[in-house]
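Below is one structure; the comments refer to it alone.
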There are 2 protein chains.
Amino acid sequence: MESPERINELIAGAIAGLAYPAAVPGLFDPVRYTMESGGKRIRPQLLLTSYCAFGGENPEHALKQALGIEMFHNFTLLHDDVMDRADMRRGRPTVHRRWSESTAILSGDAMLTLATQLIADCTPDILPAVLGLFNNTAMEIYQGQQLDMEFESRKDVTVGEYMEMIRLKTSVLLACACRMGAMLAGASETACQSMYDYGIALGLAFQLRDDWLDTFGDPIEFGKEIGGDIVNNKKTWLLITASSEARQDLDDILFEDLEAKERIAQVIRVYRRLDLSERCLALIDSYAEKAISCLDNPEIDSRWKEYFTELARRSAKRTH
Amino acid sequence: MESPERINELIAGAIAGLAYPAAVPGLFDPVRYTMESGGKRIRPQLLLTSYCAFGGENPEHALKQALGIEMFHNFTLLHDDVMDRADMRRGRPTVHRRWSESTAILSGDAMLTLATQLIADCTPDILPAVLGLFNNTAMEIYQGQQLDMEFESRKDVTVGEYMEMIRLKTSVLLACACRMGAMLAGASETACQSMYDYGIALGLAFQLRDDWLDTFGDPIEFGKEIGGDIVNNKKTWLLITASSEARQDLDDILFEDLEAKERIAQVIRVYRRLDLSERCLALIDSYAEKAISCLDNPEIDSRWKEYFTELARRSAKRTH
């Protein structure tokens with residue numbers, strides 16, 4: 001059996017070995033910079049482990065698609081950073097900071113086409129299904145990003161709308177990776193769909209945990225200061241729920257001209273009073289369990305089933 | 001036989017009838033705005049006429065790909081306008097002006113994926129070839145745009161480099177449209193390649209004529225003031241040739257702090273002295289003739305051969 005460690009090595013090696021056209025380095029240097037800047041690489045891992053879990057014989061046969069998903073993910077980060085005017089990413093200057101905004105836009109476009117080329121590099125019999133899944137997923141992610149931007153200027157976002165936004169912005173790409181791995185291994189449509197559902201639930205747990213960590217995490221383990229979402233008034237599950245249950249208390253805090261530290265403390269006090277930390281953790285756990293229930297499938301290899309179970313539990317408890 | 005007029009109607013109707021997901025109008029309103037803002041629609045016309053010229057039975061069978069090429073072209077304009085900070089396009093505010101820069105970036109990304117979806121909507125047997133052509137063409141166009149941006153800050157651009165840049169930025173998409181139409185009609189590889197070569201030569205004639213019109217055109221027929229390229233010091237065939245043959249004269253003009261009108265007049269005087277208008281027209285004609293020579297192919301329908309011949313001649317003489 002292939003091990004998760006061996007799969008990680010495969011991915012790292014393939015990313016380091018990606019060849020870019022030499023003719024126009026100004027276009028491809030930022031692509032290499034982005035791809036080699038690290039990150040968790042969870043999406044290509046999901047694709048290749050899912051491939052193995054359904055009896056795929058050689059992970060190298062699904063490696064192009066794994067790289068394509070990672071290339072696509074990095075393209076969305078690159079363009080999101082331009083839209084958010086973010087200065088840093090993974091401890092390094094963002095592309096539009098290091099080069100220019102035009103370079104960031106154009107290199108991002110090139111990454112989207114490179115991702116499509118990698119995804120499409122499969123046997124012709126499954127090309128229509130694989131490419132269709134990828135393109136549909138991409139369209140959903142753009143919609144998620146658009147909703148996320150629109151939420152910034154809205155005060156009436158509901159929890160339901162928020163969950164739909166993070167489903168689109170975060171979950172569908174994890175789900176796409178899981179499903180594509182199973183497809184490439186020749187799994188049944190039922191199995192492919194259950195892995196897709198696993199990825200959706202995993203993504204929701206993952207994103208909610210991200211929101212929770214930003215407010216209740218340990219800044220040393222989390223690797224950044226907590227309270228950023230509160231300072232930026234970012235619509236998260238915590239803020240939206242608090243707004244619907246204690247709007248006046250939150251408005252009173254927002255109305256006062258408080259320093260960041262004091263505002264964070266006061267908002268957290270409201271969250272604590274509403275028991276939001278525990279309620280959020282319970283919600284995260286319920287999504288992790290939902291993900292695990294999707295693994296109840298006779299086609300999946302039992303050792304890999306354990307791996308995916310553990311992954312969902314770990315995602316729900318992660319501290320960074 | 002299908003007529004060019006009927007093909008234009010087909011394209012106009014299909015663009016007006018394009019359906020976009022209703023869920024997130026903020027993402028798709030700019031796409032519709034861009035697609036319905038007009039333009040010459042030369043790329044989808046080339047694709048469909050090439051399809052007909054090689055015996056394609058029903059242009060509706062190649063319509064999705066024609067729309068995909070037009071969608072892609074409009075995506076490149078949308079992102080180029082952000083990079084160039086252009087305020088107007090086709091007589092209307094650009095998307096980043098009318099909405100926001102973030103919207104322009106994200107809607108453009110969506111257009112690239114929508115284009116890929118349209119292109120990929122063909123029979124599975126030719127999907128790998130059709131998609132491969134499209135993706136390779138897209139990669140070349142990004143390289144062309146990158147070179148165009150790099151040329152702005154370079155003083156040593158050669159005519160050879162310039163011709164390669166416009167081949168990448170302009171010609172390859174026309175060539176892709178011509179080749180894809182022939183492919184969809186089931187033409188031989190030789191015929192497909194000759195239509196590709198036709199598109200390359202046509203594109204070079206087209207772009208050189210654009211440069212010529214900007215300096216020597218009739219402002220009323222051209223629809224805009226002449227001399228924009230000179231004022232912006234844009235590296236065109238005219239400027240690059242003049243730089244290599246009369247660098248000192250040009251430097252003297254640039255050194256002086258002249259009003260736009262006077263600078264245009266002085267640069268044109270240098271161009272005239274070097275006979276650049278006539279030499280540029282001769283070069284345009286030679287590319288038009290090169291395009292026409294690519295039509296010397298027994299597979300092409302003789303009435304359509306006349307159409308493509310006429311198109312190349314007209315492109316070389318166009319006044320707007």
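Chain identifiers are assigned alphabetically (A, B, ...) following the order of the sequence lines, protein sequences preceding nucleic acid strands; residue numbering begins at 1 within each chain.
With rounding to the nearest 0.5 Å, the separation of CG in B:Asp121 from CG in A:Asn135 is 11.0 Å. In this structure, B:Leu112 CG and A:Leu112 CG are separated by 4.0 Å, a value rounded to the nearest 0.5 Å. Atoms CG and CE, from B:Leu27 and A:Met139 in turn, are 6.0 Å apart once rounded to the nearest 0.5 Å.
Heavy atoms only, all atoms of each residue included: B:Ala23 and A:Gln143 are closest at CB-OE1, 4.2 Å. Across all non-hydrogen atoms, the minimal contact from A:Ser102 to B:Met149 is CB-SD, 3.8 Å. Across A:Thr116 and B:Thr116, no two heavy atoms sit closer than the pair CG2-CG2, 3.9 Å.
Inter-residue side-chain proximity for B:Asp109 and A:Thr76 is flagged as unmet; no heavy-atom pair is nearer than 4.5 Å. Contact of the A:Ile105 side chain with the B:Met83 side chain is registered, since non-hydrogen atoms from C-beta on lie closer than 4.5 Å. Two residues are said to be in side-chain contact when any heavy atoms from C-beta on lie closer than 4.5 Å; A:Tyr142 and B:Val24 fail this criterion.
Both the backbone and the side chain of B:Leu114 come within less than 4.5 Å of a heavy atom of chain A. When heavy atoms are compared at a cutoff of 4.5 Å, B:Glu150 approaches chain A solely by way of its side chain, counted from C-beta outward. For A:Phe75, the part sitting under 4.5 Å from any heavy atom of chain B is the side chain, from C-beta outward, and nothing else. When heavy atoms are compared at a cutoff of 4.5 Å, A:Leu131 approaches chain B solely by way of its side chain, counted from C-beta outward.
In terms of heavy-atom pairs under 4.5 Å with chain B, the best-connected choice from A:Val82, A:Asp125, A:Thr113 is A:Thr113. Here B:Gly26 is the residue among B:Ala138, B:Ala120, B:Gly26, B:Pro128 with the most heavy-atom pairs under 4.5 Å with chain A.
The neighbour count for B:Arg97 CZ, taken as heavy atoms of other residues, nucleotides or ligands under 6.0 Å away, does not exceed 12. The neighbour count for B:Glu57 CD, taken as heavy atoms of other residues, nucleotides or ligands under 6.0 Å away, does not exceed 12.
Under the 3.5 Å distance criterion, with hydrogens and angles disregarded, a donor-acceptor pair is assigned to the side chains of A:Asn136 and B:Gln117.
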